[in-house]
Amino acid sequence: MRIRLYPPHQPLIRRCPFVNLPQLTAYLGSLVPADYDPLASKVKLLKTKIKSEERPYAVFLTFDLERRVIRIEDPIPYSQDTLYEYGYFGNNDAATLQSYLVREVESLHYLLTSVWNDLQLALRKQHMEDSQLSKWIAKMEAAELIVTGNKKGSGKVRFDRFQLPDSLEGKSVILQKENQTICVGSQEFKYEAFVRAMLEHENK
């Protein structure tokens, strides 16, 4: 067996005249299905274990700029297709690739605290103050739905802007970060219980 060493300035591929990189790239590309999503491999399964008697749902956190209110609404039956449709990449992995802000209910605090502030700061750092996304965040703050600051980790959602159901109407809404609960009047809710209370849906 002979071993032939090529100098660094003469890579092996240059000694193979039958390799045509553009043609090879085009050929490999032709093997990819037209509906292939390059981010599909980043999608994560839920960590939450769903019991057989439970019916899971995905819900939307809506910032209504016209009415200047925040709603939790429109529950849709959950399936694994939901993870791909909205690009759920877990709580940290591939976060920079997300088109939607998607979290499991146990991580609701991420959407209720500094995410909007930190996103706006990141856009400014990349000189994207004039981007459509930056303008939407500014509109959310102008509508008094969120508060932003000048440091990472500051900012929050305006809890007094939550549109409460009739059963909770007129009560104050306060986030308790230390134990990750939300107080509505004298009632204390964990995140999932808060979502169900907002939807007036008590069945698990």
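Taking P75 as the reference, Y57, V59, L199 meet the side chain to side chain contact (heavy atoms under 4.5 Å, CB included) condition, with sequence neighbours excluded. In this structure, the side chain to side chain contact (heavy atoms under 4.5 Å, CB included) partners of I76, at least two apart in sequence or on a different chain, are A58, F60, Y86.
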**OP:** Show your working on side chain to side chain contact (heavy atoms under 4.5 Å, CB included) between I182 and L112 and close with a plain yes or no.
**Re:** CA-CA 11 Å; I182 297 175; L112 299 179; 3.9 Å; yes

**OP:** Take L133 and L119 through the side chain to side chain contact (heavy atoms under 4.5 Å, CB included) test and state the conclusion after the steps.
**Re:** CA-CA 9 Å; L133 180 55; L119 180 55; 4.1 Å; yes

**OP:** Show the numbers, then the answer: is there a side chain to side chain donor-acceptor pair (under 3.5 Å) between T62 and D64?
**Re:** CA-CA 6 Å; T62 302; D64 189 330; over 6 Å; no

**OP:** Apply the test side chain to side chain contact (heavy atoms under 4.5 Å, CB included) to residues R161 and V69: give CA-CA distance (whole Å), side-chain angles for both, the deciding distance (0.1 Å), then the verdict.
**Re:** CA-CA 5 Å; R161 291 294 178 177; V69 295; 5.6 Å; no

Original post:
Does the pair Q163 and E73 meet the rule for a side chain to side chain contact (heavy atoms under 4.5 Å, CB included), with working shown?
Top reply: CA-CA 10 Å; Q163 182 175 309; E73 60 183 356; over 6 Å; no

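The side-chain heavy atoms of L123 and I137, taken from C-beta on, include a pair separated by under 4.5 Å.
Taking both residues in full, the closest heavy atoms of R68 and A142 are given as NH1-O, 3.9 Å, listed atom of the first, atom of the second, then distance. Summarising the geometry of L65 relative to M140, their closest heavy-atom pair is CD2-CA, 3.7 Å, with the distance given to 0.1 Å. Closest of all the heavy-atom pairs between L111 and V115 is CA-CG1, 3.8 Å. When all heavy atoms of L121 and K151 are compared, the closest pair comes out as CD1-C, 3.5 Å. Smallest separation of non-hydrogen atoms from A197 and L168: CB-CD1, 4.2 Å. Between Q180 and K190, the closest heavy-atom pair is O-CD, 4.0 Å.
For the ring-ring contact (aromatic ring centres under 6.0 Å, His included) with F63, the lone residue among W116, F162, W136 that qualifies is W116. Considering Q80, K44, E104, R103 in turn, E104 is the only one that fulfils the side-chain hydrogen bond (donor to acceptor under 3.5 Å, both in side chains) rule with Y88.
When the shell of 6.0 Å around NZ of K156 is examined, it contains 12 or fewer heavy atoms from other residues, nucleotides or ligands. Other residues, nucleotides and ligands contribute more than 12 heavy atoms inside 6.0 Å of the CG atom of D160. Heavy-atom neighbours of K171 NZ from other residues, nucleotides or ligands within 6.0 Å: above the threshold of 12. Shown here is E178, whose CD atom has more than 12 heavy atoms of other residues, nucleotides or ligands within 6.0 Å.
Between the D118 side chain and the K152 main chain, no donor and acceptor come within less than 3.5 Å of each other. Without hydrogens or angle criteria, E141 side chain to T148 main chain gives a donor-acceptor distance under 3.5 Å. A donor-acceptor pair is defined here as one N or O able to donate and one able to accept, closer than 3.5 Å; such a pair exists between the side chain of S79 and the backbone of D81. Looking at S114, its side chain never comes within 3.5 Å of a backbone N or O of N117 through a donor-acceptor pair.
The distance from atom CG of L145 to atom CZ of R158, rounded to the nearest 0.5 Å, is 8.5 Å. Separation of atoms CG (D74) and CG (L61) is listed at 11.5 Å; rounding is to 0.5 Å. In this structure, the separation between CD on Q120 and CG on N150 is 11.0 Å, given to the nearest 0.5 Å. Once rounded to the nearest 0.5 Å, the distance linking OH of Y110 with CG of L101 reads 5.5 Å.
With hydrophobic clusters built from ILVMFWY side chains whose heavy atoms lie under 4.5 angstrom apart, I174 does not share a cluster with M198. V147 and F159 sit in two unconnected hydrophobic clusters of ILVMFWY residues. Membership requires side-chain heavy atoms under 4.5 Å apart, directly or through other members.
Legend: salt bridge (charged side-chain N to carboxylate O under 4.0 Å, His left out) pairs involving residues 123-134, not counting sequence neighbours: none detected.
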